Every structure is written in C-alpha cells, then in structure tokens.
Amino acid sequence: MYGVFLVAGLALGAIYALSGVGLVVLYRSTGVLNIAYGAIGAMGAMLAWQLEQMQYPEPVAWVAALLAATLLSLAYGRLVAPYLSYREPVVKAVATLGFALMILGTANYFWVEAPRRLYLFTDAMGFEVLDVRITGTRALVLIATLATTFGIAIFLKHTRIGLLMQALANKRELSSVLGVPVIRIETYAWLISGVLAGFTGLMFGDLVRPNPGALTFLVIPAIAAAIVGRLESLPMTLAGGLIIGVVESMSTLIKPIAPYRSIAPFVVAAILLLWLQRNRKLTFSGHD
Amino acid sequence: MSAILEIDNLNVVRGHKPVLRNLSLRIEAGKTVALLGPNGAGKSSLVLAMAGVLPIASGIISLDGQNLVNRPPEIIRRSGIAAILEGHQVLTDLTVEENLRVAGFYLGQEDLLAEMNKAYEIFPELLELRKRLAGTLSGGQQQMVAVAHALMAKPKFILADELSLGLAPVIVKRLMSVLEALANKGCGILLIEQFTHVALRLADYVYVINRGRVHFQGLPAEVQANPRVLHEAYLAGDFELAKS
Amino acid sequence: MIEIRDVSVSFGGVRALTNLTVNLADPVVGIIGPNGAGKTTLLNVFSGFVTPGWGSICAFDTDLLAMRPHQRARWGLRRSFQTEQVVDDLSVADNVRAMLDSLPVTSRSERERQIEKALTYVHLEGKADELGSALNTYERRMVELAKTLVGSPKIVLLDEPGAGLRDEEVDALRQTILGINEQFGAMTLLIDHDVEMIAATCISTVVLDFGELLAFGPTAEILKDDRVKAAYLGIEEAE
Amino acid sequence: MLLSVAALILIVPSLLDALYLRVFISSVIFTIAATGTAVLYARLGLVSLAQVALVGVGGWVTLRMWHATGLPFEVNMLAGAIISGVVGMLIGLPALRMRGLFLALITLMGAAGFQILVTGTQFPNGGDGVLGIAVTSIFMPRPLLGESDEAMLRYVCVVAVLCFLLVEFNRRTRPGRAWALIRKSEACAMASGVNVAFYKAWGFALAGFIAGIAGALLAGTLGVLDATTFPASESILLFALTVVGGAYHWLGLVLTGLLFRAAPAVLNDIGVNGHLAYVIFGAGLLHALITAPTGIAGQILDGLTQLAKRRAGR
Amino acid sequence: LALTLSGTAFAQQKLYGLNTGKAASGQPILVGSVVGKTGPDDFSAGALAAKAYFDCVNSNGGINGRPIQFLIEDDQWKPEVAGQVASKLVKDRGVVALVGNGSFVEMTVNAKLYEQENVAVVASACAVRECFEAKNIASTNQGPVPSNIAAVQWAIEKLGTKKVACIGLNIPSNGVWSCNLTNEWLKEKGLSGVSVLMNPGAPDANSALLEAVASGADTFLMSLPAGLAQAFLKAGQDQNLRDKYKWVAPTPLYKQGIPESIGAYWGDKVHVAIELTKWDGAGPDGKRWLAVMDKYGAKSDPRDTFSQAGFVSANIFVDALLKMDPKKIDRANVTKALKAVKNYRTDLLCGPWYFGDADFHQPNHASMIVTITKTGFKSETGCFDPSGKYFDKIRAMEKAQKLTGS
Ligand SMILES: Nc1ncnc2c1ncn2[C@@H]1O[C@H](COP(=O)(O)OP(=O)(O)OP(=O)(O)O)[C@@H](O)[C@H]1O
Ligand SMILES: Nc1ncnc2c1ncn2[C@@H]1O[C@H](COP(=O)(O)OP(=O)(O)OP(=O)(O)O)[C@@H](O)[C@H]1O
Ligand SMILES: [Mg+2]
Ligand SMILES: [Mg+2]
C-alpha cells in the first residue's frame with residue numbers, strides 16, 4: 001500500500017520539480033521569477049491540442065507547443081522585462097502576473113471551457129512499479145527533470161554564458177558596465193526557460209488536463225518546489241519537488257487530512273525553508 | 001597614434017535635476033586628468049554618463065571621433081573605456097575569480113588568464129581570496145576587485161571614481177604606481193579623488209567642477225601654487241545655493 | 001576602560017580575528033590596519049553582528065557579549081557604519097530621535113534637549129527639519145555622528161567616518177571627534193585609513209594585521225614602528 | 001483636507017446607483033486591505049503576498065463570532081482584526097530571517113495554504129460547532145449604521161479614514177522611525193537600539209489587523225463569504241496594484257482599491273467579454289508598472305509639484 | 001399522418017409564442033439573468049437558450065405585444081461581482097424576474113436580495129446546495145444529489161454495485177454535501193459508501209484514484225465537473241483499471257465532445273445519470289428547442305442539458321406571463337404568477353415542474369441513465385424517480401400541496 005503511494009508521489013513530484021527547475025533557471029539568470037510560466041506552458045499545450053484536433057501529426061503539435069512557448073517567453077523577455085530590470089525582484093515577479101493574465105485571458109477566449117484531452121504517443125507506453133503503472137509520459141517527465149536539472153546545472157557552472165548569466169542575475173547594471181552583453185545573455189535565458197515552459201506545459205496538458213486556468217495556476221505549487229531550492233539550487237529544487245509530491249501522495253493515507261492534501265506543497269516548502277535557514281542571523285539590508 | 005576621449009557640452013538630468021550642465025572635458029591617451037569638486041558636484045554622475053549608465057540629455061562624448069552618446073554600457077566598455085564606479089562595486093554572489101572572468105570574458109582564454117595573472121600580481125591579496133564570494137570581502141578588498149575589473153578590460157581609458165576610498169595607504173601607493181605605469185603605456189586616465197594632493201601629484205591636467213559646471217581647468221601646478229582656485233570653485237556652489 | 005580578551009572570529013575557514021587581547025583606556029583610540037585586517041569585524045563583534053568563536057569583551061565592568069545587539073545600544077554602545085545609513089525620508093531630527101526612541105530617556109523635554117545639543121554640536125542645528133535626502137555627504141556623516149551622541153553614550157565606534165570627505169571637512173570632523181569625550185563623556189574607537197586624522201585625534205592606536213594584534217601603544221610611537229610602516233603605510237623602501 | 005473628505009463621503013454615495021454603490025463599497029474595502037500591504041512595503045521594505053488571505057481570515061472570524069455570539073458588528077470586526085493580526089504576525093515570522101522575494105514567496109505559500117483550507121471548510125454560515133456548515137446560509141446582518149448600501153458605503157469610508165489615521169499615527173511615532181531604520185538597514189537599526197524582531201512583527205501585525213478589518217467589512221456587506229474570493233492569485237494581484245497605485249501615499253491606495261474592484265466592474269458593466277477583460281487588465285498592469293515607477297499617485301503628485309513650481313516660476 | 005400533423009401544428013404554435021409573426025413593439029418587459037461565465041467553467045448555456053427563446057417570442061408578438069428585454073450578466077465566479085450585478089438588475093434596472101440563472105456562487109450571495117426585493121428566479125443551472133434551499137429560487141435542473149443517487153441506484157440494480165466511492169470536490173456545499181447524501185442513501189439501502197474528496201485545483205487526479213482504490217469500493221461515482229471527471233478517467237486508464245471497477249457519474253459527463261475526448265478505451269464502460277431528457281429526444285418540446293436554437297441562437301451556443309434547462313425556464317416564464325394582463329406585468333404580479341406555476345409538463349423534463357411556495361425547491365428529481373459509447377451516448381433507461389427517504393419527503397410535499405397532480 002505504502003509503496004503504491006510512494007511511487008505515485010514520485011510521479012507527481014516530478015511534475016512540481018520540472019516546473020520548479022524551469023522557474024529557477026530563469027530566476028538565476030535574469031532575476032525574474034516568472035509567474036507567467038504556467039500560462040506560457042498552457043498556451044503551448046492548448047496549441048498542441050488544437051493541432052491534434054486538426055489532424056496534424058503529433059510531432060507538429062510538439063514543435064508548435066515548444067515554439068509558441070518560446071516565442072511568448074522571448075516576447076516578454078525582450079519587450080517587457082528590460083523596462084523593469086532596475087526594479088526590485090518582487091516587483092519583477094508580480095509584473096509577470098500581468099503577462100499571465102493576458103495569456104490566460106487570450107487562451108480562455110479562444111478555447112472556451114469544453115471537454116478536451118491531449119494525447120501524446122508516450123501515453124501508450126508504460127511499465128509497472130510496485131503495482132502502480134507508470135506511463136511513458138510520466139517516465140519522460142521524470143527523466144527530463146533529472147536531465148534538465150543536471151544538464152543545466154553543469155551548463156551554468158562550466159560555460160561562459162552560464163557565468164555571465166550568474167553575473168547578470170547578481171547585478172545587472174554593474175555587469176553591463178563590465179561589458180556583459182546584457183540583452184543577448186538575457187535572451188538566452190528567456191529562450192531556455194521558454195522551451196522548458198513549453199515542454200512542461202505539454203506534459204501537464206497531458207497529465208493534468210489541457211485547461212488554461214488549471215495549468216496557469218499550477219505555477220504556485222511549482223514555486224513551492226523552487227523555494228526549497230532557494231531559487232538557486234537546481235538539485236535542491238528537484239529534491240523539493242519530489243518530497244512535496246511524496247508527502248502529498250502519502251497524506252492520502254491519513255484520513256482526516258486526506259481531503260486537504262493539496263496543501264502539502266506550501267507546508268513542506270515553508271517548513272523546509274525555515275529549517276534550511278535555521279542558522280541564519282537576522283538579515284542585513286540588500287541581502288535576501 | 002594617440003587616442004582622445006572628448007566630452008563636449010554634456011548635459012545630464014537625474015530625476016528632474018540637471019546634474020551636468022554644458023560640461024566639456026578632454027582626456028588624451030597617456031595623460032592623467034584629475035577631476036576635483038565638492039560633494040554633489042557631479043563627478044560620479046559624469047563617470048556614470050560616460051560609462052553609458054545614465055541617459056544623456058544632450059552633448060557629445062566621442063572616442064577618436066566615434067560618438068558614444070547613449071550607446072549601451074557594454075559597447076562603451078568594449079570600445080576601450082573602463083569605468084570604476086564609486087562604492088566598491090563587485091558581483092557579490094560570484095567568487096573573486098569569477099568576477100575577473102566576467103570582466104574579461106570577451107578576451108580569448110589565454111589572454112584572459114594572462115590578464116588575470118597580471119591583476120593577481122598587482123593585488124596578491126586577491127590571489128589568496130580568489131575562491132571567496134566577493135560579497136564576503138572587506139570593503140578594501142572589494143575595491144581591489146573593482147580595480148582589477150577595470151584592468152582585465154585592457155582599457156584605452158580608465159575612469160576611476162574615488163579610487164582610494166577605504167584603501168590602506170600601502171595599497172593606495174601601489175595603486176597610484178599602477179596608474180602611472182598604465183599612463184606610461186598610453187592609457188588615458190580620469191582620476192577622481194577626495195585627497196586632492198594625491199590627485200594633483202599624479203595629474204597632467206586638472207578640472208575643477210561644481211554644480212555640474214567646469215569652474216577651473218589648468219595645470220596641477222597652478223592649483224598647487226594657488227589653492228584659492230579650489231576654494232573659489234567650491235564656494236561658487238555655496239554662493240549659488242544661497243541665491244536660489 | 002575596555003578589556004578585549006582572546007577574541008577570535010572565523011567565517012568558515014577564514015580567520016578574521018585571532019586571539020585578540022588588548023586593554024583600551026584612552027578617550028579616543030584608533031584602529032588601523034591593512035584591508036581585510038579585521039577592523040570592521042572587531043567593530044561587529046562589539047555591536048553583536050558577529051559572534052566570536054570565543055573570547056570576551058568587558059567594558060566599564062559590563063560583559064558586552066552577553067547582551068543582544070539592541071540591548072547593547074541601550075546600554076550605551078553606539079556605532080556608525082562604513083557606508084552611511086541616514087534615512088532619506090526622515091527629517092534630521094527624526095533620524096536622531098529614532099535613536100532615542102529605544103533608550104531609557106523618559107521625559108520628552110530631556111529628549112528634545114539632547115537632540116538639540118547633539119545637532120548643535122555637529123553644527124546641524126539649522127537643518128533639524130530637513131529631510132535626510134536633502135543632505136550632502138558631509139552632513140550625512142554628521143547626522144550619523146549626532147545619532148551616536150544622544151542618550152549618554154559610553155562607547156562610540158566610528159568606521160571610516162572620513163571616507164569621501166574633502167580636506168576641510170576632514171578637519172571639521174577631526175575637531176568634532178576630539179570633543180566627544182569632554183562633551184558627552186564617551187570613549188571613541190576610530191577606524192580610518194587617513195593616517196593624519198588618526199595621528200591628530202587618537203591618543204593610542206591598535207594596529208591589526210591578518211586578524212592579529214600587530215602593535216598597540218601611543219599613536220605617535222606606533223606610527224614610527226617599522227612593522228607598521230611596512231605592513232600598513234608602505235613606506236619602508238622610501239625611507 | 002479632512003473636511004473635504006468628509007463632504008465627499010457625505011455626498012457621493014447618494015449620487016450612485018445600486019451597482020456602483022456595491023462596486024465602490026468593495027473598492028473602499030480593498031483600499032483598506034491595500035493600506036496594510038503598503039505599511040509593509042513602503043515603511044518596512046517588506047512584501048506580503050498574503051494580504052487577501054488575511055482579509056479572508058478577518059472575514060472568517062467575524063462571521064464565526066457573530067454566529068456564535070450575536071454581538072454587535074463592531075465587536076466582531078475587532079475580534080476579526082485582532083485574530084487576523086495575530087495570523088499576519090505568524091505568517092510574518094519568517095520575516096525575522098528573510099526579506100525580499102523570499103519572504104514574499106513564503107507569505108504566498110501562506111496564502112495558497114489558506115485557499116485550500118478555506119475551500120474545504122468554507123466560511124461560517126450558521127452551522128454548529130466551529131466548522132459546521134448550515135443547511136441554509138444565515139446571513140450576518142449589516143452593521144446598524146450601514147443597513148442600506150448607501151449607508152454602508154459611508155460606513156466603510158469612515159472606517160477607511162480611521163485605518164489611514166491609524167497607520168499615519170504609527171508612521172509618525174516610534175514604530176515609524178524604527179521601521180525607517182529597519183528599511184535602511186537592519187544592522188543600522190540594531191545598532192540604534194531598535195528591537196528589529198519586535199518592530200517587524202509589529203508591522204506584520206498591523207498589516208494583518210487592517211486586513212482583518214477589511215475582511216469584516218466584506219462579511220458585513222455581503223452577509224456571507226465564499227472561498228472563491230480569496231485565492232492566492234488575488235493576493236499577488238493586490239500587491240501588484242498597490243505598487244501600481246502608489247504605496248507611499250493614501251491617494252495611491254484609493255487608486256489601488258479602484259483598480260482592484262472598480263476597473264473590472266466597469267469593464268463588466270459595459271459588456272466587455274470577461275476573458276478579454278483579463279487581457280486588458282493584464283496589459284494595463286504591465287503598462288502601469290513600466291511607465292509609473294512611483295505608482296500612478298506618485299506620478300500625479302509629481303505632476304502637481306512640477307505644475308506648482310512652474311506657476312511659481314512665472 | 002394526421003397525428004404527426006397535429007403534433008407539428010402544436011409545436012409550431014408554441015415555437016412562435018403568440019405565433020403572430022409580427023415583431024412586438026410595446027413597452028419592453030425587463031428580465032434578467034446572472035450566470036457564471038468567466039471562470040473555471042462556463043455556466044451561461046441556460047441563459048443563452050432563454051435568450052434565443054425570448055428573441056423568438058419577441059418576433060412573434062411578444063407577451064401580448066410587449067417585447068422581452070433580456071439582460072444577461074456575468075458574475076465571473078466571484079461572489080462580490082455576483083452581488084453587484086444582481087443589484088444592478090434588481091435595483092437599477094428593475095427586472096420583473098430572473099430566468100436561466102446558472103452559477104456556482106450567485107445564488108448563495110443573492111438569495112436574500114431576491115427575497116427582500118420579492119423577485120422570483122427560474123434558474124437553470126444550480127450547482128450548490130444553497131440554490132435548492134432558497135425561498136425565491138427554483139431551478140429546472142436537478143443538481144448533484146438526485147443525479148448521484150439515480151446513477152448509484154441504477155448501478156446497484158444493473159451492475160451489482162456493493163460499495164461506492166463518491167469522488168467529489170472538497171467544497172461543503174457541493175462535493176461534501178452531495179457525497180454525504182449519497183452515502184446516507186446507500187446506508188439506508190444497507191450498502192456502504194465513502195467520500196473521496198479532492199481540491200478543485202488539485203493537479204493530479206492520480207492520488208484521488210488511488211485513494212478510491214484503497215477504499216475497497218467496487219464502483220466509482222465521479223461527482224465532479226467534466227474536466228476533473230475526465231482527468232480521473234485518464235488516471236484510471238493509465239492504471240488500466242477499466243475492467244476492475246464500475247464507473248458511473250452524474251450529469252456533468254453528459255456533454256458534447258465527451259465520448260471523443262475520453263477516448264475509445266472507455267467505450268460502453270461509463271454510465272451517466274442525466275438531469276433532463278436526452279438531447280435527441282423525439283418529443284415536441286425537444287424538437288422545438290433545437291429549432292429555436294438553430295433559428296435564434298448562435299452557432300456557438302451549446303446544445304446541452306443546461307441549454308435544455310434554460311429553454312424550459314424561459315418557456316415556463318413566457319407561459320406564465322402570457323396568461324397575465326399585459327398592463328399589470330410588474331414584479332409583484334410576476335412573482336406571484338411564477339410561484340403559482342405547478343404541474344408544468346414538458347418532454348424535456350422527466351417529471352412535472354412546479355415553483356411552489358416553500359423554503360426548499362427540488363421539483364426536478366427524476367433521471368434517465370445513458371452510457372457513453374465510443375461515439376456518443378446510448379440510452380439505458382427511460383425516466384425514473386429514485387427511491388429513498390430523501391425523495392419520499394419531496395414526493396409527500398408535492399402531493400400535499402398538489403403541485404404535480406393533473
Ligand atoms: N540616484 C540619483 N537620483 C537623482 N539625483 C541624484 C542621484 N544620485 C545623485 N544625484 C544628484 O546628482 C548630483 C551629483 O551627484 P554626484 O554623485 O555625481 O556627485 P559627486 O561629485 O560624485 O559627489 P561625491 O563627492 O559626494 O561623490 C547631486 O546633486 C546629487 O544630489
Ligand atoms: N561574512 C563574511 N564571510 C567571510 N569572510 C568575511 C566575512 N566578513 C568579513 N570577512 C573576512 O574577514 C576579514 C576581515 O574583514 P574586515 O571587514 O573586518 O576587514 P577590515 O579590516 O575592516 O578591512 P577594510 O579596511 O578593507 O574595511 C577579511 O578577510 C574579510 O574578507
Ligand atoms: Mg561621487
Ligand atoms: Mg572595514
């Protein structure tokens with residue numbers, strides 16, 4: 001019994017982790033916590049669904065989803081984000097809510113609520129672990145999460161672009177005075193996170209449901225995973241996402257709290273963060 | 001061929017307040033120009049404007065005839081003007097070595113290492129600290145990193161704002177000789193210093209500004225011979241203040 | 001009278017202070033040393049932002065380290081910072097008043113009297129109602145200084161108060177510091193890289209290097225010390 | 001100043017039709033809530049993304065109190081405000097060790113948690129026990145002085161003015177100075193003898209208290225509350241609009257309330273499709289954040305000072 | 001032949017209201033509707049159908065010459081907005097009644113206003129408990145409780161269900177309420193049921209599914225909105241549980257596009273209790289509904305259960321008003337007339353409809369069962385009224401007040 005919920009929890013956790021990683025990657029390079037991340041992914045997923053309805057082959061749908069999300073991400077990164085670059089991180093973050101509302105409104109306008117289902121070829125595959133069937137899509141999410149976590153961690157650490165991204169996230173103005181081509185580097189970051197958002201949206205569209213509202217606000221539990229990684233550490237974000245998933249799934253077994261299990265991301269994030277901060281002294285101005 | 005960095009009739013506004021008013025100034029390669037002035041005169045604003053951080057309302061900044069007005073900071077840096085901003089500005093979340101790598105990222109790998117080693121030679125302290133996050137350094141150590149940033153860029157011109165602020169005398173001396181050496185190699189230097197005597201000793205030419213305007217320009221000897229020049233320039237500000 | 005015993009601080013692997021032991025008694029004591037010597041760290045130990053690995057500081061028969069930072073301020077410890085901290089949207093008087101808020105000065109008139117005295121002392125009496133944002137660098141320094149002087153201070157710690165000031169202003173600052181003990185009865189510890197200022201104000205001086213005590217004694221003697229010259233002033237070859 | 005505000009409060013409500021009476025009541029209530037957000041943001045430099053959730057807490061307690069005791073509205077409102085203040089302080093506890101985006105996100109976690117809890121428990125509507133839900137909702141009556149919509153609008157305006165004054169009083173006295181120091185730097189504040197933890201907690205408690213009042217008024221206006229009013233995203237939006245309106249001046253907070261509640265209502269009233277309204281609203285939010293860094297109020301006030309200067313110059 | 005002819009004639013007459021063929025030009029009668037359009041789901045289908053019918057009536061003589069001006073307001077799923085728009089309709093515009101309301105929040109907030117202002121509401125999409133327990137609101141749809149119970153009763157009879165897991169939203173007035181009543185009903189029958197509650201925003205239906213599996217039930221009753229029910233089915237497909245359990249659901253899954261979107265995997269395995277009769281019903285009103293929608297509705301207007309319900313609401317309203325003196329059509333009289341409606345019969349509903357003067361309104365409580373096939377829906381039963389105390393009470397009340405007898 002426990003095993004079943006453990007496996008299901010890991011599968012769920014991978015969902016949180018994957019979007020958490022996407023959030024952290026962008027935040028680390030641009031200082032923007034993108035609340036529109038879910039909405040961008042949702043747009044990709046809806047487009048993929050639409051193309052499937054129009055009988056286009058599946059690869060076309062995949063490409064369209066990734067492309068649409070990347071374009072949206074780039075559009076915001078190039079056209080809007082630079083104007084807000086000198087603002088504090090919280091303002092930069094809440095500004096993306098404006099973008100999220102725009103995307104959500106547009107998506108809802110074109111795709112009025114109706115029964116929908118996104119099919120991916122990975123749905124047909126699957127294997128069993130501890131009596132739980134893991135579909136190809138879920139396995140893909142888990143693998144992709146692991147791959148992006150470590151791939152991007154290595155990329156940021158060992159490449160020049162990674163270094164410049166870190167510099168930018170730290171102090172944008174000083175970096176530009178030091179000669180860092182701000183716009184170009186930020187464009188890379190928005191590009192990478194756009195691709196990730198598209199991929200995440202596609203996966204969520206399949207696993208959750210292709211519904212713009214539901215996908216848009218999934219960003220909030222995803223932020224919980226990112227918080228566990230202090231918006232900084234990709235492996236910790238991964239761990240955070242998985243722990244959150246397992247806790248949420250396992251609390252199904254405790255009757256009185258089972259109906260409230262969706263609260264797990266927030267409780268786990270708050271507790272883990274407080275615990276990770278236990279040795280910190282009072283903060284000094286300018287440091288988070 | 002000697003490069004010239006020229007500023008002509010520059011106007012800069014911060015908030016709603018003009019901080020530089022029709023300011024003209026010129027730095028030649030291999031020469032050190034001291035920029036003096038009381039607090040709030042606009043010295044730092046000039047550096048920021050030249051570095052491309054502050055928008056320029058009107059006027060010309062040109063490097064060998066190439067106009068740099070309102071170009072992005074990284075372009076200005078890449079064209080050979082390295083500014084050391086006021087207040088020991090470093091990338092706090094990066095290590096010292098990463099700081100230097102960022103500052104010289106557009107050099108080739110070999111060049112980068114060579115420049116980095118040169119910087120470490122000038123500041124052996126930094127070699128020991130190279131794995132530390134710059135944010136945890138002492139004020140003076142951060143200032144060394146800030147200077148090293150500029151050195152990494154192999155600049156044609158260095159704009160140094162309050163270079164000696166917070167540095168021990170031993171380091172200030174070392175820095176001054178570094179600047180001298182750079183000037184000898186053909187680098188033009190704009191030196192902003194509160195310690196007037198230090199600046200005057202090094203400078204080939206002096207500007208005294210107040211309230212965004214040039215009040216005096218001439219040879220350091222003139223200022224040294226006649227300190228009233230400085231006082232009058234400073235007072236000019238107060239006088240205007242009293243009027244307004 | 002301040003007794004510093006065996007104070008050691010390390011940040012991770014970095015030793016910022018090593019077994020520092022020294023007794024300070026003069027009204028104005030200087031602290032000098034190369035960059036990264038541990039001067040600011042020592043001040044931070046005083047004000048409680050850094051907890052030493054071990055060691056003790058006993059000031060006027062009180063164990064300083066036993067108190068929480070804000071309690072030390074109430075006890076009579078004052079400090080200014082390497083980067084000034086005047087609040088822009090409070091008036092000059094309110095900047096000073098904020099300090100008095102948490103001190104056990106009960107009567108309102110006494111508070112106002114002290115504010116006035118401190119502001120007069122730093123020659124800002126005419127600017128009491130101006131906002132912090134309207135001040136220039138020198139005036140801001142002076143507001144910081146005035147803040148340290150209200151509410152019967154016992155120890156005033158100043159971290160590079162002269163940085164960024166021009167020569168005449170440094171002169172004025174010097175005079176101000178020299179009068180603190182007489183006017184307000186507090187003992188001053190002064191960090192600065194301006195050796196002239198140290199020489200002119202400090203009766204004795206502590207020299208730190210790599211977190212250790214390099215020398216301590218009357219300022220004039222200290223500045224002649226060869227080791228100090230070599231490590232700090234950098235004039236060994238010149239002479 | 002106060003006189004002209006009083007005159008406005010007296011006259012305006014009698015000119016409005018039923019729809020806009022309701023709309024303005026909501027707007028004023030969220031102006032009050034935004035006042036709490038602004039205390040933290042403008043005075044302490046801290047961001048709370050849980051304000052709307054705290055409004056919910058205040059409303060919950062107020063309803064619970066009324067169903068349990070039947071005491072007059074004002075008493076229940078005070079209870080709601082106090083409890084919401086305490087909860088606000090608890091959510092703000094991590095603030096003792098964090099600031100900036102992190103702290104904001106922790107409070108967001110609080111808001112998201114509240115959303116789930118209150119969806120499951122719902123707001124008290126007369127059921128037995130603490131969490132009981134009645135078969136037929138019993139409506140909490142309006143406060144005695146606000147029985148009609150017109151009177152209620154006056155009532156919330158007066159409470160809003162009182163909340164402004166409460167904040168202003170705090171700002172001009174000890175807490176205000178302590179906050180100013182903390183905002184500048186916590187180290188500096190501590191060195192000045194400020195008990196940083198206490199005054200930060202005080203800021204959160206005050207913000208929570210004010211949110212609680214807003215919640216009570218909302219409950220008082222509608223008689224029942226629903227979980228759908230208090231999702232986490234609304235808390236984010238309220239903060240964003242506080243920045244857009246301008247957190248540093250009461251005029252900004254009035255604008256915040258109007259943007260939060262009146263703007264969508266106008267779009268709805270003139271028949272704009274709800275989804276398109278989202279698009280317009282989102283774009284407006286971005287536009288305002290970009291073009292008015294000090295908030296719309298900041299821009300208006302700036303413009304006025306410039307104008308005054310130019311007049312004086314002539 | 002004669003029979004069909006007279007049938008068409010009857011339909012014709014009703015289709016065109018007064019059937020004058022002339023547009024009404026008198027003083028308009030204001031009628032309102034509050035629907036939850038912008039939000040997690042779109043509940044406006046009922047109002048759109050009502051609008052189509054009113055348009056039809058208006059171009060055929062209106063209400064004895066007076067046209068109906070129909071004002072639809074979107075409550076955006078927000079209680080405050082619901083209060084605002086209801087104030088606008090009831091107080092500012094002075095509507096005589098509301099028709100076709102459909103919302104998750106509106107009825108709770110406005111029930112008191114409607115009572116105070118003495119305005120009657122003939123709703124068509126009530127989803128929460130408060131809607132059925134308000135004095136001035138009566139709906140033509142039946143809500144989750146009868147629908148849940150009908151589905152379960154049929155599953156017991158036809159599929160041999162022994163234990164039911166009711167998967168619902170963790171919302172007291174919706175999922176908790178309907179699942180509790182279903183469980184009580186099961187207990188009364190000597191069987192057992194458990195509630196599996198999930199948050200509306202829950203990303204993953206998988207753990208709800210596993211919880212349901214762990215409960216030991218043999219039948220899953222998906223008392224969820226269509227989107228979530230579908231996600232639940234998908235989780236079931238991922239785990240390949242189709243044949244291990246029985247799958248039933250209340251009305252929400254009776255929706256166009258569902259058979260295609262849940263996929264061929266589920267063909268003939270999911271059974272749905274529907275609140276009104278089938279869309280393709282052969283009855284005159286069923287045909288008339290589709291005809292009106294085609295002629296006066298927009299192409300994009302849904303043709304689903306809630307559209308039927310809205311159409312019925314509008315018919316009830318028009319029929320009531322046609323009997324009134326056109327000069328005396330004001331709110332008080334309209335409310336009186338609507339409350340007097342009883343034993344209203346139409347082939348779109350399984351039973352007779354009434355408004356009545358009670359604190360509680362559940363006039364529609366009989367259902368039909370359909371099975372989702374690979375391509376559409378297949379009827380399993382005709383109309384039937386579920387057994388049990390819950391319904392006995394309603395039926396007793398109907399009899400006592402003579403609301404249904406002919
Ligand atoms: N961020 C800012 N926004 C608006 N005005 C500013 C800003 N920073 C400085 N100023 C104003 O610009 C003017 C010039 O300041 P600047 O810093 O250039 O002077 P400075 O000569 O470098 O002085 P210091 O010796 O104190 O460094 C001053 O009047 C100052 O008030
Ligand atoms: N938070 C910290 N983490 C790690 N190392 C630190 C930290 N703070 C200070 N240090 C190190 O401790 C040593 C002493 O620093 P401190 O700031 O006391 O120097 P200082 O004497 O004030 O120098 P300066 O004259 O440059 O201000 C330095 O090597 C510094 O890098
Ligand atoms: Mg300067
Ligand atoms: Mg220091």
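Excluded from the calculations below are hydrogen atoms, water molecules and symmetry mates; all remaining heavy atoms, backbone and side chain alike, are included. All figures in this text were calculated on a predicted structure; none of them were measured in a lab.
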- Item | Residues from residues 210-224 of chain D approaching chain E under 4.5 Å (heavy atoms) | D:Leu218, D:Leu222, D:Val224
- Query: For the candidates D:Thr228, D:Thr121, D:Ile25, which exhibits the highest count of non-hydrogen atom pairs separated by less than 4.5 Å from chain E?
  - Reply: D:Thr228
- Do you know which two heavy atoms are closest between E:Asp92 and D:Leu19, and how far apart they sit? OD2-N, 2.8 Å
- Message: Tell me which of these, D:Ile116, D:Thr119, D:Leu21, D:Val118, has more heavy-atom pairs under 4.5 Å with chain E than the rest.
- Response: D:Thr119
- Query: What residues of residues 48-65 of chain D sit under 4.5 Å from chain E when only non-hydrogen atoms are counted?
  - Reply: none
- Message: For a quick test of reading the model, state the closest non-hydrogen atom pair linking D:Ala18 to E:Ser87 and the distance between them.
- Response: CB-O, 3.8 Å
- Starting at CG of D:Asp17, measure out to CZ of E:Arg93 and round the result to the nearest 0.5 Å. 10.0 Å
- Compare all side-chain heavy atoms of E:Ile171 with those of D:Gln122 and state whether any distance is below 4.5 angstrom. yes
- Residue-level interface, residues 275-285 of chain D with chain E, non-hydrogen cut-off under 4.5 Å: D:His275, D:Tyr278
- Straight-line distance of D:Asp226 CG to E:Lys78 NZ, nearest 0.5 Å: 13.0 Å
- Query: Is the shortest heavy-atom distance from the side chain of E:Pro79 to the side chain of D:Leu225 under 4.5 Å?
  - Reply: no
- Return yes if some donor-acceptor pair links the side-chain N/O of D:Asn268 with the main-chain N/O of E:Asp74 below 3.5 Å, else return no. yes
- Query: Between E:Glu80 and D:Ser26, which heavy-atom pair has the shortest distance, and what is it?
  - Reply: OE1-OG, 2.7 Å
- Residues of residues 149-157 of chain D within contact distance of chain E, non-hydrogen under 4.5 Å: D:Asp149
- Should we say atom CG of D:Leu71 is surrounded by more than 12 heavy atoms from elsewhere, each under 6.0 Å from it? yes
- Side chain / backbone / both / neither for E:Gln84 at chain D, heavy atoms under 4.5 Å: both
